[in-house]
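Computed from a predicted model, the values in this text were never measured in an experiment. Naming: A, B, ... by sequence-line order, numbering from 1 per chain.
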Amino acid sequence: MNSDSVNNTANTAETDSTHFIEDIIINDLKPGGRFEGKQVHTRFPPEPNGYLHIGHAKAIVIDFGMAERFNGICNLRMDDTNPSKEDVVYVTSIQEDIRWLGYDWDDRFYYASEYFPQMYELACQLIRKNLAFVCELKPEEIRKTRGTLSTPATPSPWRDRPTEESLGLFERMKQGEFPDGAMTLRAKIDLTSGNFNMRDPVLYRIVHAHHHRTGNDWCIYPMYDYAHPLEDALESITHSLCSLEFEDHRPLYDWVIDNLDGLPSRPRQIEFARLNIDHTVLSKRKLRALVESGIVNGWDDPRMPTLSGLRRRGYTPRSIRSFCNRIGVSKVNSTVDYNFLEHCLREDLNENAERVMGVLKPVKLIIDNYPENQSEYFEIENNPNRPEDGTRQITFSRELWIDEDDFRIDPPRKFHRLFPGNEVRLKAAYVIRCTGYRCDSDGNLLEIHAEYDPATRGGQTPDGRKIKGTIHWVDAKTAVEAEVRLYDNLFSVADPDASDQDFMSLVDPGSLIVLKDCKVESSLATTETQTSFQFLRLGYFCLDPDSRPDRLVFNRSVSLKDSYRP
RNA sequence: UGGGGUGUAGCCAAGCGGUAAGGCACGGGACUUUGACUCCCGCACUCGUAGGUUCAAAUCCUGCCACCCCAGCCA
């Protein structure tokens with residue numbers, strides 16, 4: 001495990017009740033149970049054909065989490081049985097993302113392709129047992145003979161060919177004597193089953209393609225339904241956790257394992273509901289489309305629900321783990337509120353992020369009664385919730401930047417910020433009173449004028465007077481220029497999948513707002529990527545990799561909650 | 001019309017025959033040198049629905065309804 005243990009995080013709210021997968025495992029471990037005396041052994045089996053997203057994070061937390069909870073182990077395995085879709089580039093990104101999330105597989109990193117030789121031998125065993133045959137039907141013919149919801153499949157004309165003939169043909173398939181699609185190895189199960197997966201499913205197909213691991217060693221590749229149970233069994237997996245759509249593949253999963261001799265274990269497949277989150281999409285196909293169309297700026301665009309996107313956005317591994325641990329595990333198709341993910345991030349960052357001041361839409365504030373060439377330092381806490389994080393010095397002088405939103409010429413009701421005649425506290429500095437403002441001929445605000453009260457140094461009010469509003473500011477003399485990128489939901493509609501319109505047209509153009517002329521306090525000049533800060537009163541931000549020393553770029557990870565209602 | 005699943009609040013989700021946990025969201029209040037945080041309070045007389053069994057049903061039984069998945073040589 002990484003330094004911040006997955007189980008001991010304050011945010012990983014442990015519930016006193018168990019979910020259904022835990023219940024099953026507990027039962028399996030009991031005396032007389034299916035895995036009595038065995039070590040719980042799970043696996044996370046991604047196909048290396050894309051980037052991991054928050055939905056995978058749920059699976060990772062369940063797979064690794066169940067192993068951890070029962071003092072077991074969890075393998076990482078690339079399910080690379082389809083060379084035409086997979087690539088090495090995904091392998092490393094998947095490993096990086098899982099490590100970043102805080103999980104480790106020790107030396108148990110495998111490829112399904114490592115088992116190709118054994119899978120081939122086991123397939124021969126099925127043929128010899130007269131449980132599989134080589135079928136020469138074309139893909140369309142197989143489809144046509146599979147039957148319908150109400151009618152059974154019709155048998156392949158090759159179904160009853162002699163096992164020796166199938167064995168020979170299967171060997172020749174392997175030798176590369178036939179072109180793609182010419183024939184398949186099929187299981188002989190039940191043509192009348194209401195479950196299509198049992199109607200003589202294809203076990204092997206011919207694919208003359210270069211495989212990223214095995215090169216051109218193979219031109220026949222096992223199908224998921226045949227390969228997956230074997231991968232699990234060969235790794236002595238006890239509990240094979242997957243998503244709901246594989247529920248009706250379970251009979252086939254069990255069939256493969258039950259009909260083969262010499263397997264080291266008989267894993268139990270358990271299915272749970274995959275994660276959905278509103279205002280986004282979580283399908284590889286759609287995420288890929290967003291990237292390839294250029295609607296977003298790559299897989300790690302901070303608006304993307306990919307782990308690389310969330311990471312760049314400023315999501316912490318801890319917040320994502322916390323989220324996954326708290327959404328629950330069940331078999332109900334569900335869509336979690338995006339604001340729950342945001343809640344988990346705020347919860348973490350509120351506890352751990354240092355506070356700084358930054359001004360997004362700067363307007364000049366001039367303290368007319370403050371000496372022109374004077375400057376002074378104020379001490380400000382790094383995190384009021386954690387005094388042990390200490391304090392730092394910030395500079396103050398006659399001219400400051402404050403946020404446009406904190407000033408109104410005509411304030412609405414309950415506006416506690418700056419307006420002509422009103423007093424406000426500059427955080428950690430002085431109480432000031434607005435004495436006026438200047439606009440250009442078009443009515444655009446140029447500068448605000450104020451006078452400070454020297455008796456209120458540090459923001460205190462020795463006379464006990466209550467100051468309703470406290471605003472953030474940055475000293476114009478020492479301010480550092482920055483670009484700030486504000487993000488919002490990629491889709492303003494809650495469920496882009498449900499719309500009649502093409503989901504690509506539903507991307508909210510306001511999901512990214514770039515502010516170029518922001519001013520941040522000088523302490524941020526030397527910060528590093530991935531460090532999260534709270535910009536006081538605004539939200540949580542982190543430095544983007546696009547940053548350069550002369551041009552800082554910050555991403556807003558999430559805003560602060562705001563109960564202000566005019 | 002076949003097979004496999006699932007229905008508890010706006011969203012997740014406990015509950016496993018003894019009288020509806022918790023979280024998010026939302027509303028109200030307290031506190032506040034962040035309109036943040038924190039802290040209080042409120043938020044399902046009812047569990048898809050109709051019956052049945054029982055002293056007692058979200059939990060057991062039966063019927064019905066709704067929704068999701070399955071007819072790739074994808075995973």
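Evaluation of the ring-ring contact (aromatic ring centres under 6.0 Å, His included) rule for A:Trp401 yields no partner, not counting sequence neighbours. In terms of the side chain to side chain contact (heavy atoms under 4.5 Å, CB included) criterion, residue partners of A:Arg143 (sequence neighbours excluded) are, by chain and number, A:Glu140. Applying the side chain to side chain contact (heavy atoms under 4.5 Å, CB included) rule to A:Thr214 yields the partners A:Ser113, A:Phe116, A:His211, A:Asp217, A:Trp218, A:Tyr221; only residues at least two apart in sequence or on another chain are considered. Qualifying side chain to side chain contact (heavy atoms under 4.5 Å, CB included) partners for A:Cys242, counting only residues two or more places apart in sequence or in other chains: A:Phe246, A:Gln269, A:Glu271. In this view, A:His19 and A:Ile21, A:Glu22, A:Met66, A:Val329 satisfy the side chain to side chain contact (heavy atoms under 4.5 Å, CB included) rule, not counting sequence neighbours.
Taking the P atom of each, B:A14 and B:C65 are spaced 28 Å apart, rounded to whole Å. Separation of the P atoms belonging to B:C26 and B:C64 is 42 Å when rounded to the nearest angstrom. B:A58 and B:A44 have their C1' atoms separated by 12 Å, with the value rounded to a whole Å. Between the P atoms of B:A13 and B:U53, the separation comes to 34 Å (whole Å). Comparing the P positions of B:A75 and B:G51 gives a spacing of 50 Å, expressed to the nearest Å. Taking atom P on both B:U34 and B:A20, the two are 42 Å apart, rounded to the nearest angstrom. Separation of the P atoms belonging to B:G72 and B:G7 is 29 Å when rounded to the nearest angstrom. Straight-line distance between the P atoms of B:U62 and B:C24: roughly 39 Å, to the nearest whole Å.
If you measure from atom CG of A:Asn276 to atom C1' of B:G10, you get 17 Å, rounded to the nearest angstrom. Between A:Ile189 atom CD1 and B:G3 atom C1' there is a gap of 15 Å when expressed in whole angstrom units. Note: CG (A:Asn385) to C1' (B:U32) measures 12 Å, nearest angstrom. Summarising the geometry, the separation between CG on A:Asp406 and P on B:U34 is reported as 13 Å, rounded to the nearest angstrom. A:Glu247 places its CD atom 9 Å from the C1' atom of B:U6, with the value rounded to the nearest Å. Atom pair A:Leu345:CG and B:C37:P shows a separation of 14 Å (rounding to whole Å applied). Rounded to a whole Å, the CG atom of A:Asn383 is 19 Å from the P atom of B:U32. Counting to the nearest Å, the P atom of B:U6 and the CZ atom of A:Phe272 are 15 Å from each other.
A:Tyr110 and A:Glu231 are not linked by any side-chain donor-acceptor pair at a separation below 3.5 angstrom, with hydrogens and angles left out of the test.
Here the side chains of A:Leu137 and A:Lys144 are not in contact, with every heavy-atom distance at 4.5 Å or above.
Here A:Leu536 lies in heavy-atom contact (under 4.0 Å) with a base. Using a 4.0 Å heavy-atom cutoff across all strands shown, A:Lys427 reaches at least one base atom of the nucleic acid. As judged by a 4.0 angstrom heavy-atom cut-off over every strand, A:Thr335 is placed among residues touching the sugar-phosphate backbone only. Among the protein residues, A:Lys468 comes within range of no part of the nucleic acid, since none of its heavy atoms lies under 4.0 Å from any strand. Nucleic acid contact class of A:Gln460 (heavy atoms, under 4.0 Å, all strands): base. At a threshold of 4.0 angstrom between heavy atoms, the contacts of A:Val558 with the nucleic acid are absent. Residue A:Phe378 is classed as having no contact, given no heavy-atom separation below 4.0 Å to the nucleic acid. At the heavy-atom level, A:Arg417 lies under 4.0 Å from base atoms of the strands shown.
Evaluation of the side-chain hydrogen bond (donor to acceptor under 3.5 Å, both in side chains) test over residues 272-283 of chain A, restricted to residues two or more places apart or in two chains, returns A:Glu245-A:Arg274. Listed by first and then second residue, the side-chain hydrogen bond (donor to acceptor under 3.5 Å, both in side chains) pairs that reach into residues 43-54 of chain A are A:Arg43-A:His228, A:Arg43-A:Ser240, A:Glu47-A:Asn49, A:Asn49-A:Lys284, sequence neighbours excluded. For residues 332-343 of chain A, no pair satisfies side-chain hydrogen bond (donor to acceptor under 3.5 Å, both in side chains), with sequence neighbours left out.
More than 12 heavy atoms of other residues, nucleotides or ligands shown are found within 6.0 angstrom of CZ on A:Phe20.
A:Thr145 OG1 to A:Arg159 CZ: the interatomic distance, rounded to the nearest 0.5 Å, is 11.0 Å. How far CD of A:Glu247 is from CG of A:Asn195: 11.0 Å, rounded to the nearest 0.5 Å.
B:C39 shows a glycosidic angle more than 90° from 0 and is accordingly assigned anti. Base orientation of B:G72: syn (glycosidic angle within 90° of 0).
Of the side-chain N and O atoms in A:Ser193, none sit less than 4.0 angstrom from OP1 or OP2 of B:G3. Note on A:Ser563: a side-chain N or O is less than 4.0 Å away from OP1 or OP2 of B:A36. In this structure, A:Arg250 does not reach the B:G4 phosphate: none of its side-chain N or O atoms is under 4.0 Å from OP1 or OP2.
Each of A:Arg172, A:Arg186, A:Arg161 was compared with A:Glu136 under the salt bridge (charged side-chain N to carboxylate O under 4.0 Å, His left out) criterion, and only A:Arg161 meets it.
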Would you please test A:Phe378 and A:Tyr430 for ring-ring contact (aromatic ring centres under 6.0 Å, His included) and show each step? CA-CA 10 Å; A:Phe378 287 108; A:Tyr430 289 109; 5.3 Å; yes
Please assess A:Ile62 against A:Phe44 for the test side-chain contact (heavy atoms from CB on, under 4.5 Å), listing each intermediate value before the final yes or no. CA-CA 9 Å; A:Ile62 290 173; A:Phe44 177 63; over 6 Å; no
Please list each protein N or O that sits under 3.5 Å from an N or O in nucleotides 38-44 of chain B, with the distance.
none

Would you mind building the protein contact string for nucleotides 68-75 of chain B? One character per nucleotide, 5' to 3', B for base within reach (heavy atoms under 4.0 Å), S for sugar-phosphate only, - for untouched. SBBBSBSB
5' to 3', nucleotides 24-30 of chain B under a 4.0 Å protein heavy-atom cut-off (B base, S sugar-phosphate only, - none) gives SS-----
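Ring to ring, A:Phe554 and A:Phe535 are close: their centroids are under 6.0 angstrom apart.
Remark: RNA chain B forms stems of 3 or more consecutive Watson-Crick or G-U wobble pairs, all pair distances under 3.5 Å, at B:2-7 with B:65-70, B:10-12 with B:22-24, B:26-30 with B:38-42, B:48-52 with B:60-64.
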